[in-house]
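Here is the structure we will look at.
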Number of protein chains: 2
Amino acid sequence: MKSNLDLKARQILKSAKLYLTAGRMSVVQALLKADKPLTQEQIAGRLGKKRFDKVTIYRTLKTLVKVGLVHRAFIEDRARHFELAHNCSESQCHPHFTCTNCGRTHCLTDMAIPGAKKRYKGFLIHRQQTRFEGLCPACA
Amino acid sequence: MKSNLDLKARQILKSAKLYLTAGRMSVVQALLKADKPLTQEQIAGRLGKKRFDKVTIYRTLKTLVKVGLVHRAFIEDRARHFELAHNCSESQCHPHFTCTNCGRTHCLTDMAIPGAKKRYKGFLIHRQQTRFEGLCPACA
DNA sequence: AGAATATTTGCAACTTAGTTGCAAATTAGG
DNA sequence: CCTAATTTGCAACTAAGTTGCAAATATTCT
Ligand SMILES: [Zn+2]
Ligand SMILES: [Zn+2]
Ligand SMILES: [Zn+2]
Ligand SMILES: [Zn+2]
């Protein structure tokens with residue numbers, strides 16, 4: 001019996017014509033379940049009994065970013081954070097909020113940000129990302 | 001004969017009541033001259049004959065960030081990038097543009113971005129940063 | 001289903017970015 | 001110029017991410 005999560009992950013990988021492997025399935029499922037951007041280490045920690053080498057996870061993430069299924073979130077932290085792109089519009093990711101007190105980061109998935117112009121002084125703008133700092137509800 | 005740059009750097013450090021040291025002067029001057037965010041390594045490479053340990057540069061940057069003179073820019077790159085905060089408003093940095101073709105990053109110092117609300121679902125927003133991806137004038 | 005081909009995986013070793021502790025050197029202030 | 005406070009350089013270290021390569025697995029073709 002395949003779970004809904006399993007089917008979704010399968011579909012996501014197939015949609016990008018990627019080899020369907022156990023490692024990729026697990027990484028995508030971890031990202032599907034997450035409500036915020038995760039690092040390699042966090043993903044590894046959410047794989048249950050399944051274990052994959054960190055190299056595999058890094059390479060999977062790189063592949064998923066390349067085909068546009070995953071976006072990198074910019075967070076005040078040494079490690080890179082990744083999340084599925086399904087909440088993002090073509091030209092803009094949802095914004096992220098990092099609390100300067102507790103350090104936690106939240107996705108403001110339904111906050112509307114006015115998009116910038118597509119052209120600005122010779123620059124051709126394809127994507128836009130916004131980051132907030134301040135106090136989260138728990139710390140305010 | 002003290003240069004204008006020297007005076008500016010001196011003034012910046014004094015304004016924050018920081019010890020005026022050769023290392024800090026050099027770092028601030030490098031940032032003053034730069035037209036884009038720099039990494040520790042780039043700063044070190046722009047110090048001329050003067051040499052300071054990378055630890056000193058990292059610590060100087062950390063100090064300058066803490067007192068608000070320097071901001072960290074979020075760039076698709078493994079290393080942290082820093083720039084002087086003098087072009088930023090209280091609540092918002094100028095946006096940065098990274099070219100997906102050549103990889104270079106530019107400051108869009110005079111591009112106006114509409115500021116987000118100060119409050120959103122319990123979040124208290126203090127600062128906002130925007131990042132663009134696309135093609136720079138040279139690559140478009 | 002089985003063979004041929006293309007792609008991915010794990011391992012070990014490595015690189016790069018950034019941090020820590022501590023003694024010596026430098027700075028500010030009187 | 002003396003003293004106390006702060007910063008610096010060094011060496012050693014941690015953490016994040018990358019590389020090459022042989023073995024394993026996935027897809028395609030018959
Ligand atoms: Zn996104
Ligand atoms: Zn908080
Ligand atoms: Zn998010
Ligand atoms: Zn800038």
Side-chain angles (χ1 to χ4, degrees), chain A residues 2 6 9-30 37-47 49-67 69-70 72-82 103 105, chain B residues 2 6 9-30 37-47 49-67 69-83 103 105:
Chain A
K2 296 202 187 306
D6 198 280
R10 195 172 295 266
Q11 182 187 337
I12 285 174
L13 289 170
K14 276 301 171 192
S15 78
K17 300 198 205 313
L18 293 175
Y19 271 49
L20 195 71
T21 68
R24 285 176 178 170
M25 285 292 285
S26 296
V27 169
V28 170
Q29 289 183 29
L38 301 179
T39 64
Q40 178 277 317
E41 207 177 5
Q42 291 173 317
I43 292 169
R46 290 167 180 227
L47 262 38
K49 336 172 193 175
K50 288 180 184 155
R51 293 266 154 250
F52 296 94
D53 195 274
K54 66 174 180 161
V55 180
T56 301
I57 301 177
Y58 277 121
R59 285 198 275 228
T60 295
L61 289 168
K62 184 176 282 188
T63 303
L64 294 171
V65 167
K66 194 161 65 183
V67 300
L69 288 172
V70 162
R72 213 190 131 194
F74 290 77
I75 291 177
E76 172 75 49
D77 188 344
R78 201 124 97 71
R80 295 180 173 177
H81 292 248
F82 301 88
T105 291
Chain B
K2 296 203 185 308
D6 197 283
R10 194 171 297 266
Q11 181 188 338
I12 284 174
L13 288 171
K14 277 300 171 193
S15 78
K17 300 199 205 314
L18 293 176
Y19 270 49
L20 194 70
T21 70
R24 284 175 178 172
M25 285 292 284
S26 295
V27 170
V28 170
Q29 289 183 29
L38 301 178
T39 64
Q40 178 277 318
E41 207 177 6
Q42 291 173 318
I43 293 169
R46 290 168 180 225
L47 262 37
K49 333 172 195 178
K50 288 177 184 156
R51 294 265 154 248
F52 295 94
D53 195 273
K54 66 174 180 163
V55 180
T56 301
I57 301 178
Y58 276 121
R59 285 198 276 229
T60 294
L61 290 168
K62 185 176 279 187
T63 303
L64 293 172
V65 166
K66 193 161 64 186
V67 300
L69 288 172
V70 162
H71 287 158
R72 214 191 131 193
F74 289 77
I75 290 177
E76 172 74 51
D77 188 344
R78 199 128 95 74
R80 295 180 173 178
H81 291 247
F82 301 88
E83 65 182 352
T105 291

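Values below: all heavy atoms of this structure, side chains included; hydrogens, waters and symmetry mates excluded. Every chain is numbered from 1, with letters handed out A, B, ... down the list of sequences.
Remark: C1' of C:dG18 and CZ of B:Phe52 are 20 Å apart, rounded to the nearest angstrom. Spacing between atom OH of B:Tyr58 and atom P of D:dT8 amounts to 16 Å, rounded to whole angstrom units. Atom CZ in B:Arg78 sits about 5 Å away from atom C1' in C:dT16, given to the nearest Å. Taking atom CD on A:Gln42 and atom P on D:dA15, their separation rounds to 15 Å, with Å as the unit. If you take CG of A:Leu61 and P of C:dT9, they are 11 Å apart, rounded to a whole angstrom. In this structure, B:Leu13 atom CG and C:dT27 atom P are separated by 12 Å, rounded to whole Å. Regarding B:Leu18, its CG atom lies at a distance of 14 Å from the C1' atom of D:dA5, rounded to whole Å. Atom CZ in A:Arg51 sits roughly 16 Å away from atom C1' in C:dT9 (whole-Å rounding).
Distance check, rounded to the nearest 0.5 Å: CZ of B:Arg78 to CZ of A:Arg80 gives 6.5 Å. Atom NZ of A:Lys62 and atom CG of A:Leu64 lie 12.5 Å apart (nearest 0.5 Å). Distance check, rounded to the nearest 0.5 Å: OG1 of B:Thr60 to CZ of B:Phe82 gives 11.0 Å. Annotation: the span from A:Lys49 atom NZ to A:Ser26 atom OG amounts to 12.0 Å, rounded to 0.5 Å. A distance of 11.5 Å separates CG of A:Leu61 from CG of A:Leu69, quoted to the nearest 0.5 Å. Taking CD of B:Gln29 as the start and CD1 of B:Ile12 as the end, the distance is 9.5 Å to the nearest 0.5 Å.
Comparing atom distances between the B:Arg59 side chain and each of D:dA26, C:dT20, C:dT9 picks out C:dT20 as nearest. Checked against D:dT18, D:dA26, C:dT19, the side chain of B:Arg80 finds its nearest nucleotide in C:dT19. In the set D:dG17, C:dT20, C:dA17, the nucleotide with an atom closest to the side chain of B:Lys62 is C:dT20. Checked against D:dT8, D:dC10, D:dT27, the side chain of B:Val55 finds its nearest nucleotide in D:dC10. Side-chain proximity of B:Asp53 to D:dC10, D:dG17, D:dT8: nearest is D:dC10.
For the pair A:Ala22 and B:Asp77, nearest-nucleotide mapping onto DNA chain C gives the more 5' position to A:Ala22. Of the two residues near DNA chain D, B:Lys54 and B:Thr21, the one whose nearest nucleotide lies more 5' is B:Thr21.
Here B:Tyr19 does not reach the OP1 or OP2 of D:dT6: none of its side-chain N or O atoms lies under 4.0 Å away. The side chain of A:Arg24 contributes an N or O atom lying less than 4.0 Å from OP1 or OP2 of C:dT8. The phosphate of D:dT8 has neither OP1 nor OP2 within less than 4.0 Å of any side-chain N or O from B:Lys50.
The closest side-chain heavy-atom distance from B:Ile57 to B:Leu47 is below 4.5 Å. Annotation: side chain of A:Phe74 is in contact with side chain of B:Glu76 (closest heavy-atom distance under 4.5 Å).
Five base pairs at each end of the helix from C:dA1-D:dT30 to C:dG30-D:dC1 define two local axes, and these are offset by 50° (rounded to 10°).
Within the nucleic acid shown, B:Gln40 has no heavy atom closer than 4.0 Å to any nucleic acid atom. Residue contacts shown for A:Lys17 are absent, as no nucleic acid heavy atom lies under 4.0 Å away.
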